[in-house]
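Report on the structure given below.
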Amino acid sequence: PSAVGVGAQQLLAELCRKGGDLAGWEAALLAALRLCVAPPCPLRAAVHLQLAKFYEHRRCDLAAALRHAQATQLHEGVAASAHRQARLQRRLLARGARGGP
């Protein structure tokens with residue numbers, strides 16, 4: 001992967017986050033992920049973690065958050081990744097039981 005390119009996109013994502021630009025934040029993180037094409041790649045796992053948090057807390061898209069959380073082990077470790085995934089799965093089940101967001 002191009003570590004410089006990924007780092008640049010992560011920096012852009014952070015600037016967008018601080019500026020309140022959700023669309024720019026998301027686009028920059030997705031661009032960073034596209035630059036990490038060869039798994040396993042610790043940078044890829046870090047970007048997946050950022051996207052998991054983004055989708056959980058900013059977009060309230062728990063399914064997308066879970067998809068990204070499933071690829072975070074190399075960055076946050078097995079236990080933390082498993083904990084995040086279990087929490088997201090519980091929230092998805094609870095949302096389904098309520099019949100809405």
Side-chain angles (χ1 to χ4, degrees):
S2 168
V4 173
V6 173
Q9 290 300 320
Q10 287 178 306
L11 178 59
L12 177 59
E14 182 64 16
L15 292 172
C16 290
R17 182 187 71 78
K18 288 183 178 181
D21 179 2
L22 289 180
W25 183 7
E26 180 179 20
L29 288 174
L30 290 171
L33 188 60
R34 283 191 298 275
L35 291 171
C36 290
V37 293
C41 167
L43 288 175
R44 185 176 181 86
V47 174
H48 275 295
L49 177 59
Q50 290 172 309
L51 281 162
K53 291 177 178 182
F54 175 83
Y55 284 118
E56 180 180 4
H57 300 293
R58 299 295 178 222
R59 295 283 191 223
C60 296
D61 184 343
L62 300 178
L66 180 58
R67 282 192 306 274
H68 287 288
Q70 292 168 337
T72 64
Q73 287 183 1
L74 287 177
H75 184 72
E76 68 176 344
V78 174
S81 180
H83 179 75
R84 179 179 309 283
Q85 290 175 56
R87 184 185 72 248
L88 287 166
Q89 288 170 342
R90 282 192 308 271
R91 290 186 65 196
L92 276 167
L93 288 172
R95 179 178 283 179
R98 288 195 317 260

Who pairs with Gln70 by side-chain contact (heavy atoms from CB on, under 4.5 Å), at least two apart in sequence or on another chain?
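Leu66, Gln85.
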Please find the pair of heavy atoms, one from [X] and one from [Y], that lie closest to each other, and give the distance.
| X | Y | answer |
| --- | --- | --- |
| Gly24 | Cys16 | C-SG, 3.6 Å |
| Val6 | Cys36 | CG2-SG, 3.5 Å |
| Ala69 | Ala52 | N-CB, 3.8 Å |
| Ala46 | Gln10 | CB-NE2, 4.4 Å |

Could you walk me through whether Leu22 and Phe54 pass the side-chain contact (heavy atoms from CB on, under 4.5 Å) test, one step at a time?
CA-CA 9 Å; Leu22 289 180; Phe54 175 83; 4.0 Å; yes
Suppose clustering is done on Ile, Leu, Val, Met, Phe, Trp and Tyr with side-chain heavy atoms closer than 4.5 Å. Which residues sit in the same group as Val78?
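In the cluster with Val78 there is nothing else; it is isolated.
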Listing, residues 25-33 side-chain donor-acceptor contacts under 3.5 Å, not counting sequence neighbours, or none:
| residue | atom | partner | partner atom | Å |
| --- | --- | --- | --- | --- |
| Glu26 | OE1 | Arg59 | NE | 3.4 |
| Glu26 | OE1 | Arg59 | NH2 | 3.1 |
| Glu26 | OE2 | Tyr55 | OH | 2.6 |

For a 4.5 angstrom cut-off between non-hydrogen side-chain atoms, does Val47 reach Gln50?
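The answer is yes; the side chains approach within 4.5 Å.
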According to side chain to side chain donor-acceptor pair (under 3.5 Å), who are the partners of [X], at least two apart in sequence or on a separate chain?
| X | value |
| --- | --- |
| Glu76 | Thr72, Arg84 |
| Glu56 | Arg87, Arg91 |
| Arg67 | none |

When clusters are formed by joining ILVMFWY residues with side-chain heavy atoms under 4.5 Å apart, either directly or through shared neighbours, do Leu88 and Leu51 land in the same one?
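In one cluster with Leu88: Leu51, no.
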Nearest 0.5 Å, what's the CD-CG distance between Gln89 and Leu62?
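The distance works out to 11.5 Å.
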Inter-residue atom distance Leu49.CG - Leu74.CG, 0.5 Å rounding
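The distance works out to 12.0 Å.
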